*Asks:* 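Let me give you the structure first, and then I'll get to my questions.
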Amino acid sequence: MFILLLFTEDKKWTEIDFEARRMHVVHLLNNVDVAKRDQRMKAARAILYLAQGNFGEVSCEEEQMEWTRKNCFLIYECGALNVFVELLCLEAGNLVAATTALRKPAVSIVDSSDLRVILSLLYIMVETLRREDSSRDSEEEMKLRTNLQCEIGQPIREDDSLAIILFNMVTKFCSGHAPHFPIKKVLLLLWKVILFSLGGLHDHQILKDKTRELLGLPTLIEDSVQITKNLRAVSPPASAVDMLDLQGRKGNRPPPLKRDGIDESLPSEDGERKEDELKDEVHNMSDDEDENGLPPLPDTPREPRSLPWTPKVRQRDVEMFLDHTRNKFVGFQVESDSTTLAGLPNPIHEGYNVLEKHLYVSLAELQVRREEEINKHPLSKGDEDIPNTAAEILYQAMLSSLPQYMIALLKILLAAAPTSKAKTDSINILADVLPEEMPMTVLQSMKLGVDVNRHKEIIVKAISGLLLLLLKHFKLNHVYQFEFMSQHLVFANCIPLVLKFFNQNILAYIGAKNSIPAIDFPSCVIGDQAELTADSLEAGDNIPYCWRNLFSCINLLRILNKLTKWKHSRTMMLVVFKSAPILKRALKVKQAMMQLYVLKLLKVQTKYLGRQWRKSNMRTMSAIYQKVRHRLNDDWAYGNDMDARPWDFQAEECALRTCVDRFNSRRYDTDSGKDPDLQPVDNNIQSVLGQEMDLSEEFKRFYEIWLDREVFTSQINWDLLLKDKIYV
């Protein structure tokens, strides 16, 4: 092994002291910087072996993970980040490798071997240092973690940060100029880099509370993740196919209708159900099936008999309430006044007090209001202190190419979706999983099939997590940054793409077992290796559900919620694309968080689905009422004059686009500068005459001739200046 050749003594890596390990890592990094390709990549593979926990010298996975942690801190401390980012840019810009891949009829895993080494090392280093462990982290390790978090978001090479370098690799791959790129590893590293530099959802919540406190707004008491953990998943009504299938398997006996949620019967006085009812239900229900004949998910805790969310009211809703009541009881409206209640009856006062009690002012409302003030008064309120946050730095770097980034990510997501069909013009996302020679045996074919499916699932997970993180952090930083990104996602058909993703057997997708524990790292290199057979491949692991796919589904639902929230035209797109039956099938997954976001999407379009749909789906309506947050004056469950509201997608999106473009131009367009008509004018004659003017040589040469012809020899009739009208 290359690394062992560097040792002066015949010792293992685990036996030498810290200073000796540091010396060897520095020596390896120096070899990575040499001109010879073979020597360079040999040193890179040796460093990757250390980052993977020098698995050849350990006896268990716990020991391997501990050495991975130690070695990654040491590798970063020795300056490996800049070295490997430079090496990544060098390999990504290798025209010879790209040309060779373009000429080959089928790109294989061999074409990206060097890139995969570099990306793997960067991924392991970022992911290992990102994870905090207060019980083991020393002060020096915490300092290194903070330094990496700051360094990874700053420009590293040619004013580009690591995230921008990876985004450019994604667009280059989608354009067809570099089909050999290992896109799964690129996306995984990109996701982890964004996650580390911007922070996860917990860090986002802390930052949101600090921002609200800084602006004088009350902090959020409710944590959506914690509340969702205490929610109990609902059991949706079985479809007709499931009912008939279940009757055939149970001797034509109809399944019992298990009640839950608000349809559940009240408990008896002693707090327990009657014993005979419980026995009857157990008799009718098999141990491994629920009321739909489907495998049950692990039990979730039963929530208390109260609504889990505190209702919210927007300032706009309060103003609409006052305008309506004033017009009804007083006969006129008072503009820009949301406090005066003169002439209104006492019940209206009580209703107003309830609305004010639950009034919620979001950061987005304040940011939009601030932009409106700047547009109205550009001179007095045009100056703005832009916070130098990680999200702001990333947005400025992404701004010029953000549409291309979004299109590229959605193209890859479409190619990785289980419902997408193979097309000749689609991109090949399997370049870093297909072997150079196709499998010859049944076992090899089964292994490759599992690996291909797992490869696609990881890509979906990385893209969904990346998009959700960007949307949430951009919205916190400034709502128009969020709107800019979300609008380009909508224009790139993100909404129908997500609906197409869910238009499948979602239970089968979440229950898929596309993993082979026997050959997962580090099990495949530590200890005795189990024999791989066709039976073990079919059995998979013992986990009944694939949490990777569940994570992806929840992320895509949350993205869809963010794109359509408070957007009438996009909500109507959900109706037009017939998303209701697709989303209702997703309710079969009995997981509380996933069901919550499905119910939210159903709630926003309920009033447009018609009375017959609401009448036929009362169980779903009850679940929405019980699980989703209420807006006190939102008539989501009823059809009203809003049904006749015209659906002008283009007008709404153009109005939003105008606001976003004005924001980007004012804040980031340095070429055009500010409007010259709004610049202050110097009215002091002394300063104006004292300014130095750059005069051309031609002007200086003919200046005296011009004075003599136009001033001294011409006759000026000064009486004409006193007349009201001058005719030329």
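These numbers come from a predicted model, not from an experiment.
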*Asks:* If I compare all heavy atoms of Tyr49 with all of Gly56, which pair ends up nearest, and what's the gap?
*Replies:* OH-N, 3.3 Å
*Asks:* Side chains of Lys500 and Leu414, heavy atoms from C-beta outward: is any pair under 4.5 Å?
*Replies:* yes
*Asks:* Which atom pair, heavy atoms only, marks the closest approach of Ala415 to Lys456?
*Replies:* O-CE, 4.4 Å
*Asks:* Output every pair passing salt bridge (charged side-chain N to carboxylate O under 4.0 Å, His left out) with a member in residues 175-191, not counting sequence neighbours, ordered by first then second residue.
*Replies:* none
*Asks:* A side-chain contact here means heavy atoms from C-beta on lying under 4.5 Å apart; do Met125 and Phe84 qualify?
*Replies:* no
*Asks:* Dump the intermediate steps for side-chain contact (heavy atoms from CB on, under 4.5 Å) on Ile427 and Ile412, then the final yes or no.
*Replies:* CA-CA 7 Å; Ile427 55 179; Ile412 300 174; 3.7 Å; yes
*Asks:* Between Glu57 and Lys12, is the closest basic N to carboxylate O distance under 4.0 Å?
*Replies:* no
*Asks:* Without hydrogens or angle criteria, can the side chains of Glu457 and Asn514 be said to hold a donor-acceptor pair below 3.5 Å?
*Replies:* yes
*Asks:* What's the verdict on side-chain contact (heavy atoms from CB on, under 4.5 Å) for Phe484 and Asn664, showing C-alpha distance, side-chain angles and the deciding distance?
*Replies:* CA-CA 9 Å; Phe484 183 63; Asn664 287 331; 3.6 Å; yes
*Asks:* Hey, could you give me each pair passing ring pair (Phe, Tyr, Trp, His ring centres under 6.0 Å) that has a residue in residues 511-537? Not counting sequence neighbours.
*Replies:* Phe55-Phe521
*Asks:* Could you state the interatomic distance from CG (Leu394) to CD1 (Ile164), rounded to the nearest 0.5 Å?
*Replies:* 5.5 Å
*Asks:* Atom CG of Leu122 and atom CD1 of Ile152: how far apart are they, to the nearest 0.5 Å?
*Replies:* 8.0 Å
*Asks:* Classify the angle between the aromatic ring planes of Phe491 and His488 as parallel (below 30°), tilted (30 to 60°) or perpendicular (above 60°).
*Replies:* perpendicular
*Asks:* Can you pull out every salt bridge (charged side-chain N to carboxylate O under 4.0 Å, His left out) where at least one residue sits in residues 74-84? Sequence neighbours excluded, please.
*Replies:* Arg22-Glu77
*Asks:* Return all side-chain donor-acceptor pairs below 3.5 angstrom for residues 466-479, not counting sequence neighbours, or 'none' if the list is empty.
*Replies:*
| from | atom 1 | to | atom 2 | distance (Å) |
| --- | --- | --- | --- | --- |
| His473 | NE2 | Gly199 | O | 2.8 |
| Asn477 | OD1 | Thr389 | OG1 | 3.0 |
| Asn477 | ND2 | Glu392 | OE1 | 2.7 |
| Asn477 | ND2 | Gln481 | OE1 | 2.9 |
| His478 | ND1 | Tyr480 | N | 3.1 |

*Asks:* Evaluate the side-chain proximity of Gln205 to Val225: yes if any heavy-atom separation is below 4.5 Å, no if none is.
*Replies:* no
*Asks:* Under the salt bridge (charged side-chain N to carboxylate O under 4.0 Å, His left out) rule, collect the residues that match up with Lys210, sequence neighbours excluded.
*Replies:* none
*Asks:* For Leu119 versus Pro182, what's the shortest heavy-atom pair and its separation?
*Replies:* CD1-CG, 3.6 Å
*Asks:* Are side-chain heavy atoms of Val58 and Trp67 found at a separation under 4.5 Å?
*Replies:* yes
*Asks:* Are there over 12 heavy-atom neighbours, none belonging to Met438, within less than 6.0 Å of that residue's CE?
*Replies:* yes
*Asks:* Between Met398 and Met406, is the side-chain contact (heavy atoms from CB on, under 4.5 Å) condition met? List the steps.
*Replies:* CA-CA 10 Å; Met398 292 178 61; Met406 297 301 106; 4.3 Å; yes
*Asks:* Between atom CG of Asn493 and atom CG of Leu497, what is the distance when rounded to the nearest 0.5 Å?
*Replies:* 8.5 Å
*Asks:* Check whether any side-chain heavy atom of Cys494 lies under 4.5 Å from a side-chain heavy atom of Leu563, and answer yes or no.
*Replies:* yes
*Asks:* Does anything in residues 435-451 pair up under side chain to side chain donor-acceptor pair (under 3.5 Å), and if so which pairs, sequence neighbours excluded?
*Replies:* none
*Asks:* Among Ile75, Ile16, Leu50, which residue meets the side chain to side chain contact (heavy atoms under 4.5 Å, CB included) test with Arg21?
*Replies:* Ile16
*Asks:* For the side chain of Tyr76 and the backbone of Leu148, is there at least one donor-acceptor N/O pair under 3.5 Å apart?
*Replies:* yes
*Asks:* Just verifying a value: how many Å separate Cys546 SG and Ile510 CD1, rounded to the nearest 0.5 Å?
*Replies:* 9.0 Å
*Asks:* Looking at residues at least two apart in the chain, or sitting in another chain, which of them share a side-chain contact (heavy atoms from CB on, under 4.5 Å) with Ala408?
*Replies:* Val170, Thr171, Cys174
*Asks:* Restricting to non-hydrogen atoms, name the atom on Phe181 and the atom on Leu115 that form the minimum distance, rounded to 0.1 Å.
*Replies:* CD2-CD1, 3.5 Å
*Asks:* Taking salt bridge (charged side-chain N to carboxylate O under 4.0 Å, His left out) as the cut-off, I'd like each qualifying pair that reaches into residues 114-129, sequence neighbours left out, listed once.
*Replies:* Arg37-Asp114, Arg45-Asp114, Glu127-Arg130, Glu127-Arg131, Glu127-Lys192
*Asks:* Sequence neighbours left out, what passes side-chain contact (heavy atoms from CB on, under 4.5 Å) with Glu66? Give chain and number order.
*Replies:* Arg69, Lys70, Arg136
*Asks:* For Ala98, check side-chain contact (heavy atoms from CB on, under 4.5 Å) against everything at least two apart and list the hits.
*Replies:* His180
*Asks:* Would you name the heavy atoms of Ser552 and Ser464 that are closest together and state the gap between them?
*Replies:* CA-OG, 3.8 Å
*Asks:* Would the distance check show the side chain of Asp33 and the main-chain N or O of Leu29 forming a donor-acceptor pair, the cut-off being under 3.5 Å?
*Replies:* no
*Asks:* When you measure from the side chain of Asn94 to the backbone N and O of Leu90, does any donor-acceptor pair fall under 3.5 Å?
*Replies:* no
*Asks:* Just do the side-chain contact (heavy atoms from CB on, under 4.5 Å) check on Gln154 and Ile393 with the steps written out, would you?
*Replies:* CA-CA 8 Å; Gln154 299 296 327; Ile393 295 173; 3.8 Å; yes
*Asks:* Taking Asp111 for its side chain and Ser108 for its backbone only, find out whether a donor-acceptor pair lies under 3.5 Å.
*Replies:* yes
*Asks:* Quick one: side chain to side chain donor-acceptor pair (under 3.5 Å) pairs with a partner in residues 400-412, sequence neighbours left out?
*Replies:* Asn168-Tyr405
*Asks:* Got a second to check how far Lys143's NZ is from Glu139's CD, nearest 0.5 Å?
*Replies:* 8.5 Å
*Asks:* Minimum heavy-atom separation for Ile109 to Pro435, with atom names?
*Replies:* CG2-CA, 4.1 Å
*Asks:* Is Val450 close to Met446 at the side-chain level, that is, under 4.5 Å between some pair of heavy atoms?
*Replies:* no
*Asks:* Can you run down the salt bridge (charged side-chain N to carboxylate O under 4.0 Å, His left out) pairs that involve residues 156-182, sequence neighbours left out, and say none if there aren't any?
*Replies:* Glu86-Arg157
*Asks:* When rounded to the nearest 0.5 angstrom, what is the spacing between CD in Gln591 and SG in Cys553?
*Replies:* 10.5 Å
*Asks:* Taking the side chain as every heavy atom from C-beta outward, state whether Tyr509 and Val460 have any atom pair closer than 4.5 Å.
*Replies:* yes
*Asks:* Within the 4.5 Å heavy-atom criterion, are Glu140 and Phe73 side-chain neighbours or not?
*Replies:* no
